[in-house]
Amino acid sequence: MSIMTLDPEQIHKGNLILVNQEYGIRATWEEPLIPAFDTAPDILLRRCASILLQQLMQEIRGTQSIVPVSGWRSGEEQQKIWDDTLRESGLAFTRKFVAIPGHSEHQTGLAIDLGLKQEHIDFICPDFPDTGICHSFRLKAAKYGFILRYPAGKEQITGIGHEPWHFRYVGIPHAQIMEDNKLTLEEYMEFIRLHPYRDKEYRLQNGIQEIAVSFLDKNSFEIELPDNHPYTVSGNNIDGFILTEWR
């Protein structure tokens, strides 16, 4: 066994951080940003998200029909988008479809807006129907760690209107758990709290391998991990960590 010491500041970093109207960007981390698509060098994602997105696109052969519209944004860019949309479309529309600067998932580098390739693409609300190649993307998204972040019927929970074009990388197996249980990221945070570390872990089988997911609160600074077992730790941006172990 080995001991891992957790840094409380890491609560605000990782693939599972919750960013919404209540919880804003609290930290930056060093993982590099790379192009989401080879054909769009200026649209960036964090390396892990970009690699899995490209693999997903290869599986569905979607690069000729689906285009990236917006990936990582700086705080300054998010502010400009907010200001421009507010001026052009009014406060109600802006609140529904544009996150407050400092509270946008795009500022994490883990979110991507996608659109169906066509002559004109709306930057704020790109067309991404639940048919054809876009439907194929949705069916495969969780397998590669992506969720539809703002589903219909969950607007009161997410604080954002239904955005069929906005996908968020949360990683494997979390995307599949959320998909299977029809959970938003907000709801998943509550779900994981019901599975504390070494007490009531959430377990699932991935072929012959078992995966255990558990929650550690912000006062848990040390955890024991078996040697030679892969694991990931992500903050939730609220009050603790989510530990994922492959056994």
Side-chain angles (χ1 to χ4, degrees), residues 1-19 23 27 29-32 34 45-60 105 108-111 138-149 167-247:
M1 301 289 288
S2 58
I3 303 295
M4 180 181 181
T5 302
L6 298 172
D7 178 354
E9 289 301 312
Q10 295 295 118
I11 286 174
H12 307 295
K13 301 179 181 181
N15 295 334
L16 284 163
I17 60 170
L18 176 64
V19 176
Y23 300 102
W29 59 100
E30 298 303 319
E31 184 184 356
I34 64 173
L45 289 177
R46 299 216 172 267
R47 183 178 181 84
C48 57
S50 179
I51 290 172
L52 269 295
L53 178 62
Q54 291 178 38
Q55 291 177 0
L56 167 53
M57 293 296 291
Q58 288 173 4
E59 177 172 343
I60 65 170
E105 286 202 323
T108 69
L110 297 168
R138 285 195 177 87
L139 291 178
K140 297 289 185 179
K143 175 183 174 182
Y144 290 89
F146 285 88
I147 59 168
L148 177 64
R149 180 65 177 92
F167 294 87
R168 161 70 189 270
Y169 180 77
V170 295
I172 301 166
H174 308 285
Q176 195 63 59
I177 298 172
M178 293 170 65
E179 175 80 11
D180 292 345
N181 292 279
K182 295 180 169 46
L183 301 174
T184 63
L185 190 53
E186 285 83 0
E187 292 170 312
Y188 190 57
M189 295 298 104
E190 297 302 319
F191 175 83
I192 289 300
R193 284 192 182 87
L194 301 176
H195 300 280
Y197 171 67
R198 294 295 185 261
D199 183 17
K200 194 180 178 182
E201 303 165 332
Y202 182 87
R203 300 181 181 182
L204 64 158
Q205 290 294 133
N206 182 15
I208 62 173
Q209 194 172 40
E210 181 183 74
I211 305 175
V213 181
S214 57
F215 175 75
L216 302 96
D217 68 35
K218 62 184 178 182
N219 297 312
S220 302
F221 298 122
E222 292 188 346
I223 54 177
E224 288 187 347
L225 294 167
D227 295 328
N228 302 319
H229 282 192
Y231 68 91
T232 62
V233 178
S234 173
N236 65 3
N237 204 35
I238 309 169
D239 59 1
F241 304 91
I242 298 163
L243 172 66
T244 309
E245 302 174 77
W246 284 261
R247 298 172 176 169

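Values below: all heavy atoms of this structure, side chains included; hydrogens, waters and symmetry mates excluded.
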* Please report the closest heavy-atom contact between I172 and W246, naming both atoms and the distance. => O-CZ2, 3.4 Å
* Asked: Do R168 and E186 meet the salt-bridge criterion of a basic N to acidic O distance under 4.0 Å?
  -> no
* Asked: Are R193 and N236 side-chain neighbours, meaning at least one heavy-atom pair lies under 4.5 Å?
  -> yes
* Do Y231 and L243 come within less than 4.5 Å of each other through their side chains, counting heavy atoms only? -> yes
* Asked: Within the side chain of T108, is there an N or O that forms a donor-acceptor pair under 3.5 Å with the backbone of E105?
  -> yes
* Structure fact -> For A111 and L45 the tightest heavy-atom approach is O-CD2, 3.2 Å
* Residues in side-chain hydrogen bond (donor to acceptor under 3.5 Å, both in side chains) with Q205, at least two apart? -> none
Name the atoms and distances for all side-chain donor-acceptor pairs under 3.5 Å in residues 7-16, with sequence neighbours left out.
unit_1 : atom_1 : unit_2 : atom_2 : d
D7     : OD1    : E9     : N      : 3.0
H12    : ND1    : N237   : OD1    : 2.9
K13    : NZ     : T28    : O      : 3.4

* Asked: CD1/I51 to CZ/R46 distance, rounded to the nearest 0.5 angstrom?
  -> 13.5 Å
* Rounded to the nearest 0.5 Å, what's the gap from CD1 on I17 to CD1 on I242? Could you check? => 11.0 Å
* If a pair satisfies ring-ring contact (aromatic ring centres under 6.0 Å, His included) and one of its residues is in residues 195-216, list it, with sequence neighbours excluded. => F191-H195, F191-Y202, H195-Y202
* Asked: What is the distance from atom CD of E245 to atom CD of E201, rounded to the nearest 0.5 Å?
  -> 6.0 Å
* Asked: How far does CD1 of I3 sit from CD1 of I223, to the nearest 0.5 angstrom?
  -> 9.0 Å
* **Residues that Y169 engages under ring pair (Phe, Tyr, Trp, His ring centres under 6.0 Å), provided they are two or more places apart** => F146
* Structure fact -> Between the CE atom in M57 and the CG atom in L52, the distance rounded to the nearest 0.5 Å is 13.5 Å
* Does the side chain of T184 come under 3.5 Å of the side chain of E187 through a donor N or O and an acceptor N or O? -> yes
* **Value rounded to 0.5 Å, distance of CG in L18 from OH in Y23** => 7.0 Å
* Whether R247 side chain and H229 backbone form a donor-acceptor pair below 3.5 Å -> no
* Asked: Side-chain contact, heavy-atom cut-off 4.5 Å: M178 with L185?
  -> yes
* **Partners passing side-chain contact (heavy atoms from CB on, under 4.5 Å) against D199 (at least two apart in sequence or in another chain)** => P196
* Of all residues at least two apart in sequence or in a different chain, which pass the side-chain hydrogen bond (donor to acceptor under 3.5 Å, both in side chains) check with T244? -> H174
* Asked: So which heavy atom on V170 is nearest to which on A175, and how close?
  -> CG2-N, 3.6 Å
